[in-house]
Amino acid sequence: MKKVIIIGAGPAGLTAAYALQKESDIQPIILEADEVVGGLSRTVNFGGNRMDIGGHRFFTKCPEVQALWEEILPYASAPAFDDRLLERETETRADGADPETTDAVFLNRQRISRILYLHKFFDYPVSLSLSTIRNLGFARMCGIGASYFASCVHKREEKTLEDFMVNRFGRRLYETFFEGYTEKVWGRSPRRIGADWGSQRIKGISLGAVLADFFSRALHLHPKKVETSLIERFSYPKHGPGQFYECLAAEVKRRGGEIRFGCRVEQLIGGADGCIKEVVYRAPDGSRQRLAADAVLSSMPVKDLCAALPEDWLSAEVRETAAALPYRDFMTAGLLVDRLELVNETVHKTLGNIVPDCWIYVQEPEVKLGRLQIFNNWSPYLVRDPLHTVWIGLEYFCQEGDALWSMDDAAFLRFAEEELTRIGVIRPGAVREGHVVRMQKAYPAYYGSYRDFPAVRAALDRVPNLYCIGRNGQHRYNNMDHSMLTGLRAAELLRTGSSDKRALWEVNTEQAYQETQEAAE
């Protein structure tokens, strides 16, 4: 039997382990540096108030991933607590499980995300609606329109993310909704980020499409099919995304797999044939342990992977590129408040009549806050007392060691509370308790030495028994389902003995992919 070592118990690593067990006699060993499974998709529980780190919708266009989800968790056969109480329509399955009596279950949830700018709500993605026109004002809208038509006539060469966005939205709309927020997220101007980020994350969305949709509806010229900007409903585990990975990890162990926690990989020992022979890791007791390996599936950050490989396997240039690969780190302040000051002016009914958003993109320039999650709306079961409290997550994009990251928890919570008060989301004194979560290397970034990443990929692909999977394992801003798909592809390559690793890297490169759906009109 092959000895397969998987580095990381996140979506990619757990999926790969499960697929290997189902389709072969391989029983992998997973080495996880943390004490929990799920990676960035974990759920953190603070006394019954659960935090989804980053927000994870279970939506996919990958049939293999959808099938895996359905193997692990059943779908709800009855409405969730809030849907039942408010008599909201929702999708259920007769062969599923009742979320009021079963914990391991997928809920069907409504997706609502908006932008908070000028202390007003705007659609996300930006739509040309009467509320948008009213909120921006006539003069600003005229300037946005003129700027967009100018961008149609004079197209930029797309070298930077700014070029990419201006070509699709015009300079004025780009400056209004994209420039400042992008700098919050990535810590640098879009003028210093490559256009390939946009081609991966903003597929199919443009002001031209928004205008076409607006006029076709205004003139009643409805096409037979409409490509909606975002999915309207999604699946979500009752207790957050981490619950799914906890169930998947339990299944991996039930089938005979092993997950070793607190084990950080430090070195990969190579043989004369250019294959990895052993994995050396630091155990929880501080000792260095070695495991023989016939194959290694790695979701550890590429910069750490390259540092662990034998020195003579990589050129000095490749090592330098890998060591300098950029990342953005991530902090979440979880605040339990008695109420929000935001007014629900939508048609959507909610518990306590709070605003219905799953998360809000905060584009107010006077605060560093990037996004605001309202966990009550993801699942009422994430909140200890959803009838009388609102559990929110304030998301900050930062760099390990910078001023935000270096704040102690108490100072950071005070800072977050002050920012929410400043933009009118809560009143002073609304916070009952707070908690902080820090996530290193949450977002692989597409600037700096990333321009030379193809040479790093080529060098890694030359190691016959090494397979790079997941977001950090490929230094690619994958969605959760894409990370899982890389795990499935790696398991397939390993099972079939294929040495062609292109299938791994082709995941999440299709230009048509987006969280969209076609609806008949």
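Atom set for the values below is all heavy atoms of this structure, side chains included, hydrogens, waters and symmetry mates excluded. Numbers here are sequence positions counted from 1. All of these numbers come straight from a predicted model, not from anything done at the bench.
Applying the side chain to side chain donor-acceptor pair (under 3.5 Å) test to residues at least two apart or on different chains, the pairs with a partner in residues 328-337 are R328-Q399. Pairs of residues two or more places apart, or lying in two chains, that qualify as salt bridge (charged side-chain N to carboxylate O under 4.0 Å, His left out) and include a residue from residues 401-413 are D409-R438. Among residues at least two apart or in separate chains, salt bridge (charged side-chain N to carboxylate O under 4.0 Å, His left out) pairs with a member in residues 344-367 are R114-D357. Evaluation of the ring pair (Phe, Tyr, Trp, His ring centres under 6.0 Å) test over residues 324-344, restricted to residues two or more places apart or in two chains, returns Y327-H475, F330-F397, F330-Y443. Counting only residues at least two apart or in different chains, salt bridge (charged side-chain N to carboxylate O under 4.0 Å, His left out) contacts with residues 36-51 comprise D34-R42.
Checking E395 against Y361 by side-chain atom types alone, no donor-acceptor pair falls below 3.5 Å. For the residue pair E419 and Y396, a side-chain donor N or O sits within less than 3.5 Å of a side-chain acceptor on the partner. With no hydrogens or angles considered, a side-chain donor-acceptor pair links Q27 and Q21 at under 3.5 Å. In this model, no donor atom of one side chain and acceptor atom of the other lie less than 3.5 Å apart for Y18 and E251.
Here D304 contributes atom CG and L325 contributes atom CG; the two are 10.0 Å apart, rounded to the nearest 0.5 Å. The distance from the CD1 atom of I469 to the CG atom of L485 is 11.5 Å, given to the nearest 0.5 Å. Here CG of L488 is found 11.0 Å from OG of S483. Values are rounded to the nearest 0.5 Å. Taking CE of M51 as the reference point, atom OG1 of T43 lies at 10.5 Å (rounded to 0.5 Å). Residue I53 holds its CD1 atom at 10.5 Å from OG of S41, rounded to the nearest 0.5 Å. Expressed to the nearest 0.5 Å, how far CD of E433 lies from CG of L335 amounts to 9.5 Å.
The distance between the ring centers of F178 and Y174 does not fall below 6.0 angstrom. Aromatic pair Y75/F106: ring centres closer than 6.0 Å.
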Audit row: Y117, F177, ring pair (Phe, Tyr, Trp, His ring centres under 6.0 Å) steps and yes/no: CA-CA 8 Å; Y117 176 62; F177 285 112; 5.6 Å; yes
Q110 vs R233, side chain to side chain contact (heavy atoms under 4.5 Å, CB included): CA-CA, chis, key distance, verdict: CA-CA 4 Å; Q110 184 171 24; R233 303 197 71 86; 3.7 Å; yes
Side chain to side chain contact (heavy atoms under 4.5 Å, CB included) evaluation trace for V44 with H435: CA-CA 10 Å; V44 182; H435 304 277; over 6 Å; no
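For A333, the side-chain contact (heavy atoms from CB on, under 4.5 Å) partners are L394, F412, L413, A416, not counting sequence neighbours. Every residue two or more places apart in sequence or in another chain was checked for a salt bridge (Lys or Arg N to Asp or Glu O under 4.0 Å) with R414, and none qualifies. Scored by the salt bridge (Lys or Arg N to Asp or Glu O under 4.0 Å) test, E179 finds R191 as partners (sequence neighbours excluded). With sequence neighbours left out, R427 forms a side-chain contact (heavy atoms from CB on, under 4.5 Å) with D338, R339, E341, A430. Taking D83 as the reference, R88, R109 meet the salt bridge (Lys or Arg N to Asp or Glu O under 4.0 Å) condition, with sequence neighbours excluded. Scored by the salt bridge (Lys or Arg N to Asp or Glu O under 4.0 Å) test, R188 finds no partners at all (sequence neighbours excluded).
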Just list the side-chain donor-acceptor pairs under 3.5 Å for residues 239-248, sequence neighbours left out, or say none.
residue : atom : partner : partner atom : Å
Q243    : OE1  : K238    : N            : 3.3
Q243    : OE1  : H239    : N            : 2.8
Q243    : NE2  : D103    : O            : 2.8

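In this structure, Q289 places its CD atom where more than 12 heavy-atom neighbours from other residues, nucleotides or ligands lie under 6.0 Å away. With a 6.0 Å radius and a threshold of 12 heavy atoms from other residues, nucleotides or ligands, R264 has its CZ atom at or below the threshold.
Distance alone, capped at 3.5 Å, places no donor-acceptor pair between the R282 side chain and the A33 backbone. Here the side chain of N376 pairs a donor or acceptor atom with the backbone of W391 at under 3.5 angstrom. Of the possible polar contacts, one joining the R476 side chain to the W505 backbone as a donor-acceptor pair under 3.5 Å is found. E91 contributes no side-chain N or O that, together with a main-chain N or O of N108, makes up a donor-acceptor pair within less than 3.5 Å. Formation of a donor-acceptor pair under 3.5 Å by the K184 side chain with backbone atoms of V362 is found in this model. Using a distance-only test at 3.5 Å, with no hydrogens or angles considered, a donor-acceptor pair links the side chain of N472 to the main chain of K441. Listed for the D82 side chain is no donor-acceptor partner under 3.5 Å among the backbone atoms of L86. Looking at S113, its side chain never comes within 3.5 Å of a backbone N or O of Y124 through a donor-acceptor pair.
At a threshold of 4.5 Å between non-hydrogen side-chain atoms, the residues R457 and V302 do not count as touching. A heavy-atom distance below 4.5 Å is found between the side chains of L342 and F121. Contact of the V436 side chain with the M407 side chain is not registered, since no non-hydrogen atoms from C-beta on lie closer than 4.5 Å. Using a 4.5 Å cut-off on side-chain heavy atoms (C-beta onward), L291 and I29 make contact. For the pair I426 and L340, the minimum side-chain heavy-atom distance is below 4.5 Å. Looking at F59 and N479, their side chains never come closer than 4.5 Å, going by heavy atoms from C-beta outward. With contacts defined as side-chain heavy-atom distances shorter than 4.5 Å, the pair H119/I423 qualifies. Between L85 and L387, some side-chain heavy-atom pair lies under the 4.5 Å cut-off.
Here the closest non-hydrogen pair linking I374 and I354 is CG2-CD1, 3.9 Å. Nearest approach of M484 to P11, heavy atoms of both residues: CG-CB, 3.8 Å. The two residues S449 and T321 make their nearest non-hydrogen contact at OG-O, 2.9 Å. Contact between I5 and A293 at its shortest, heavy atoms only, is CG1-CB, 3.8 Å. Closest approach of A490 and L504 over heavy atoms only: N-CD2, 3.5 Å. Between I7 and S299, the shortest heavy-atom contact is O-OG, 2.6 Å.
Checking L116, I392, L369 one by one against I360, the side-chain contact (heavy atoms from CB on, under 4.5 Å) holds for a single residue, L116. With respect to D52, the side-chain hydrogen bond (donor to acceptor under 3.5 Å, both in side chains) criterion is satisfied by exactly one of W359, W378, Y236: Y236.
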